[in-house]
Each structure stands twice: as C-alpha cells, then as structure tokens.
J.: 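Provided herewith is a single structure, encoded as structure tokens, for subsequent inquiry.
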Amino acid sequence: RSTLDSSGLPREGPCTVMIKNIHCKSCQDSITDCLHRLGFRGRFDAVYVPGNPVRKTNLGYAFVNFLSVTDAERFHRQCDQRPFDGAPSSRPC
C-alpha cells in the first residue's frame, strides 16, 4: 500500500509548515500558545522561529513540524490568508 497520494506527496508522517508575516516580537512560546488555542495541542512536535540577535526580533516567519499531513492541511485550511495570533506584522522584521 502506497503512502503517496496521486500527486506523489506523502499522506502520512510529519509535515513542516512555514508561517509567514508573523509579528516581529513573536517568539517560540507565543507561537506555541497560539497553536494550542487554535486546537493543535499535541499535534506538532517542534516550533522554530529564526531570529535576528542584533535587532532582538524574529525574521518574520516560523516553522512548525506537524505530526501528520492531515494536521498540516487542517492548519492550512484554518489559518491561510488570516492574521496569525491576531497580530499581523505591522513593520518589516
């Protein structure tokens, strides 16, 4: 039984999603808290928010490793084209 869908993408296993245009002061904990509020508690195992140590801000994006493609797709449907965490970035990071 194949674990690939008709486009050749995996149907099972972990899936990493990039979240763009996050607020400049968002950190790993705030992203994690937001994911929990959105109903994804226990559905991901890593959050990475690259930062600029000189400015003490993030770079405007984060990565979330969901435990399944299904969870990543649900996140996409729920959050695509919507401000993340209720605070869209008001300035470039």
Side-chain angles (χ1 to χ4, degrees):
R1 183 174 154 206
S2 173
T3 60
L4 300 179
D5 67 14
S6 61
S7 66
L9 297 173
R11 289 187 301 205
E12 300 173 8
C15 183
T16 302
V17 172
M18 179 184 198
I19 304 170
K20 299 189 291 185
N21 300 318
I22 64 172
H23 190 273
C24 290
K25 297 294 184 180
S26 292
C27 64
Q28 182 175 347
D29 288 342
S30 65
I31 300 293
T32 299
D33 290 345
C34 185
L35 289 165
H36 288 171
R37 285 192 309 275
L38 290 169
F40 292 96
R41 183 181 301 273
R43 309 310 308 162
F44 61 95
D45 63 0
V47 174
Y48 175 61
V49 183
N52 180 331
V54 174
R55 288 182 170 180
K56 297 185 178 170
T57 63
N58 64 56
L59 299 178
Y61 56 90
F63 296 96
V64 178
N65 192 60
F66 287 96
L67 298 177
S68 74
V69 173
T70 302
D71 292 323
E73 289 171 339
R74 184 168 68 94
F75 174 80
H76 182 265
R77 283 191 307 275
Q78 190 170 338
C79 298
D80 188 41
Q81 301 299 317
R82 293 180 181 90
F84 186 75
D85 199 18
S89 184
S90 60
R91 65 184 175 103
C93 292

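Because the structure is a prediction, the values reported are computed rather than measured.
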J.: Apply the test side-chain contact (heavy atoms from CB on, under 4.5 Å) to residues Q78 and F40: give CA-CA distance (whole Å), side-chain angles for both, the deciding distance (0.1 Å), then the verdict.
T.: CA-CA 11 Å; Q78 190 170 338; F40 292 96; 3.6 Å; yes
J.: What residues form a ring-ring contact (aromatic ring centres under 6.0 Å, His included) with H76, not counting sequence neighbours?
T.: none
J.: Indicate yes or no: at least one non-hydrogen side-chain atom of V17 is less than 4.5 angstrom from one of F66.
T.: yes
J.: Are T57 and K25 side-chain neighbours, meaning at least one heavy-atom pair lies under 4.5 Å?
T.: yes
J.: Which atom pair, heavy atoms only, marks the closest approach of C15 to S68?
T.: CB-O, 4.1 Å
J.: Side chains of F44 and H36: closer than 4.5 Å at any heavy-atom pair?
T.: yes
J.: Which residues pass the side chain to side chain donor-acceptor pair (under 3.5 Å) test with R74, sequence neighbours left out?
T.: none
J.: Could you report the tightest heavy-atom contact between A62 and V49, atom names first, then the distance?
T.: CB-CG2, 3.9 Å
J.: Could you grab the distance from atom CD of E73 to atom CG of D80, nearest 0.5 Å is fine?
T.: 12.5 Å
J.: For S30 and S26, indicate whether the former's side chain and the latter's backbone hold a donor-acceptor pair under 3.5 Å.
T.: no
J.: Check whether any side-chain N or O of N58 sits under 3.5 Å from a backbone N or O of C27 as a donor-acceptor pair, and report yes or no.
T.: no
J.: Between D71, N65, L67, which is the residue that forms a side chain to side chain contact (heavy atoms under 4.5 Å, CB included) with P14?
T.: N65
J.: Using every non-hydrogen atom in the two residues, find where I22 and I19 come nearest and quote the distance to one decimal.
T.: CG2-CG2, 3.6 Å
